[in-house]
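A, B, ... follow the sequence lines: proteins, then strands. Residue 1 opens every chain. Just the heavy atoms: all of them, side chains too, but no hydrogens, waters or symmetry mates, feed the values below. Being a predicted model, the structure only gives us computed values, none of them experimental.
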There are 2 protein chains.
Amino acid sequence: MSDWEAPRVLLAVDLVILTVRGSTLQVLLVERGVEPFEGALALPGGFLRDLDEDIPAAARRELEEEAGLADEPHLEPLGVYGEPGRDPRGRVISVAHLAIAPRLPEPVAGTDAAEAWWKPVDDVLSGRLELAFDHRRIVADGVERARAKLEHSALATAFCGETFTISELQQVYEAVWGVQLDPRNFYRKVQRAQGFIVPAGPSLRPGNGRPARLFRAGPVHTLNPPMVRSAH
Amino acid sequence: MSDWEAPRVLLAVDLVILTVRGSTLQVLLVERGVEPFEGALALPGGFLRDLDEDIPAAARRELEEEAGLADEPHLEPLGVYGEPGRDPRGRVISVAHLAIAPRLPEPVAGTDAAEAWWKPVDDVLSGRLELAFDHRRIVADGVERARAKLEHSALATAFCGETFTISELQQVYEAVWGVQLDPRNFYRKVQRAQGFIVPAGPSLRPGNGRPARLFRAGPVHTLNPPMVRSAH
DNA sequence: CCCACTTTCTGTCAGTTTGACAAGAAGCTA
DNA sequence: TAGCTTCTTGTCAAACTGACAGAAAGTGGG
């Protein structure tokens, strides 16, 4: 036992970057430029740069390099995916992260190596879109995490810009959960959760109908009472 | 870039094994038998055995080797702890797992190398008990995970034996959350959550007072309605 | 056997929250 | 000005919550 040596593995970081575009939840995918799975769609990610790089730092680096998201979106660890054989290059342990991007102007900002696209998560989950490695599983776990956290945390505000209207926030809930909500009851519930959202000045956002009041994310991260998604 | 090679790291598995003894939440700790931190208290765990060992398999192996829990308690991944410098032996990435052990007869079953003890989590969280590496942080995350999951999942039943009474289940909630609950309202809430617990035959468990009906874990893992821990 | 005691279990009741829906408010367009 | 859209404020019955009374069913002591 004294001459035994612990095995060494490759450490990668993968990103599930979610956003809401239109009324659908979308995930950022890149086209792989190298083997294995060259040309296939995959999550943004890559190996640890060196032995001194912190894992969160590596996640932020990939977020900027591959997705062009330099500012600071919500980023949290999601899980570890290290099944032997998931990568033909050897034993690769991937630390998946979940990132939430606010609604962006339109296309993804210019990325380094390959092209990147927003794709509806439903296309990934249903198998209509094939992904490299076990990335479909990782996307599924990320989406499930986001759905759960919307109930009890203020994560939904991370999908919105600096300021937002209540109906924009409602669109986030509807897109992520895939349900329809009553605007009037949603309005009441969101307001009741103390510290979830706070008014952002007297300015209004014009639209097709009556202009809406603007809000920004409040100081609270744990919703009380929570936003229960009822058994529709 | 083509001659660049990804760094290789050591992969470890650590276990936060929780149980309820008496009325306090406790965690299993072992005394380290080797450097670094020889003699200090730490979480059970160890390195991946070889390059073909699955991570969940390594967690189950440590669960049996170091804690003597051969049967199948609840086990789920908790998080990754891989800060550079957390282990003087090199870059060690630890995949922490959360395990829930049912109430055990009395002491921990005989363990392989060193001694193992149940310790109150409060002693760890308050710093009264010093732990090796960043294990105090890992314990804190595990306890927080357990507290949160008690609200929305049927995790509490994993702290109980095959069959249990409703007041035993209540003791789990009280120990994990560190609060006092009204037995009558608890009784009602637990029964209302469809599929959470199901009656286990006509036999009763005698005690100091009126004998209690026995239940076992139901088929449902997501509680509806959830067990909200109110703002006491 | 009867009484005190403990714990389990079944109700009750007022206050709050929920889901469904009506209707007013405030802009834009024709 | 009329018509349309969307935001915002209410209303109301049903369900849920927290606090608490009290019956049910055992144990142990005299």
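Electrostatic pairing of Glu168(B) and Arg103(B) does not count as a salt bridge here, judged by no charged N lying under 4.0 Å from a carboxylate O. With respect to the salt-bridge test (charged N to carboxylate O, under 4.0 angstrom), the residues Arg137(A) and Asp141(A) qualify.
Here Phe159(A) contributes atom CZ and Ile100(A) contributes atom CD1; the two are 3.5 Å apart, rounded to the nearest 0.5 Å. To the nearest 0.5 angstrom, Glu130(A) atom CD is 12.5 Å from Asp123(A) atom CG. Residue Ile55(B) holds its CD1 atom at 10.0 Å from CD of Glu83(A), rounded to the nearest 0.5 Å.
Each of Pro206(A) and Asp182(A) has a nearest nucleotide on DNA chain C; the 5'-most of these lies closest to Asp182(A). Taking for each of Gly207(B) and Thr165(A) the nucleotide of DNA chain D with the nearest heavy atom, the 5'-most of the two is the partner of Thr165(A).
When distances run from any side-chain atom of Lys189(B) to the nucleotides dT17(D), dG22(D), dC21(C), the shortest one goes to dT17(D). Side-chain proximity of Arg184(B) to dA21(D), dC7(D), dT9(D): nearest is dA21(D). Of all nucleotides listed (dT8(D), dA23(D), dT12(C)), dT8(D) comes nearest to the side chain of Arg210(A). The side chain of Ala212(A) lies closest to dC7(D) when the candidates are dG26(D), dC21(C), dC7(D). When each of dT6(D), dC20(D), dC21(C) is scored by its nearest atom to the side-chain atoms of Asn208(A), the top-ranked nucleotide is dT6(D). Distance from the side chain of Ser167(A) is smallest to dC7(D) among dC13(C), dC7(D), dA20(C). Here the nucleotide nearest the side chain of Arg192(B), chosen from dT6(D), dC16(D), dC13(C), is dC16(D).
For Arg213(B), a side-chain nitrogen or oxygen approaches OP1 or OP2 of dT10(C) to under 4.0 Å.
Rounded to an integer number of Å, the gap from CZ of Phe164(B) to C1' of dT8(C) is 16 Å. Atom pair Glu151(B):CD and dT17(D):P shows a separation of 13 Å (rounding to whole Å applied). With rounding to whole Å, Phe215(B) atom CZ is found 10 Å from dC9(C) atom C1'. Residue Leu214(A) contributes atom CG, which lies 15 Å from atom C1' of dT6(D) at whole-angstrom precision. dT18(C) atom P lies 13 Å from atom CG of Asn224(B), rounded to whole Å. The interatomic distance linking Asn185(B) (CG) with dG15(C) (C1') rounds to 14 Å, in whole Å. Note: CG (Leu169(B)) to C1' (dT8(C)) measures 15 Å, nearest angstrom. Rounded to a whole Å, the OH atom of Tyr187(B) is 18 Å from the C1' atom of dC20(D).
Using a 4.0 Å heavy-atom cutoff across all strands shown, Pro211(A) reaches sugar-phosphate atoms only and no base atom.
Looking at Arg188(B), its side chain comes within 3.5 Å of the base of dG18(D) through a donor and an acceptor atom. Between the base of dG26(D) and the side chain of Arg205(B) there is no donor-acceptor pair shorter than 3.5 Å.
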>> Applying side chain to side chain donor-acceptor pair (under 3.5 Å) to Asp14(B) and Tyr81(B), what does each step give before you reach the verdict?
In response: CA-CA 10 Å; Asp14(B) 284 320; Tyr81(B) 300 83; over 6 Å; no
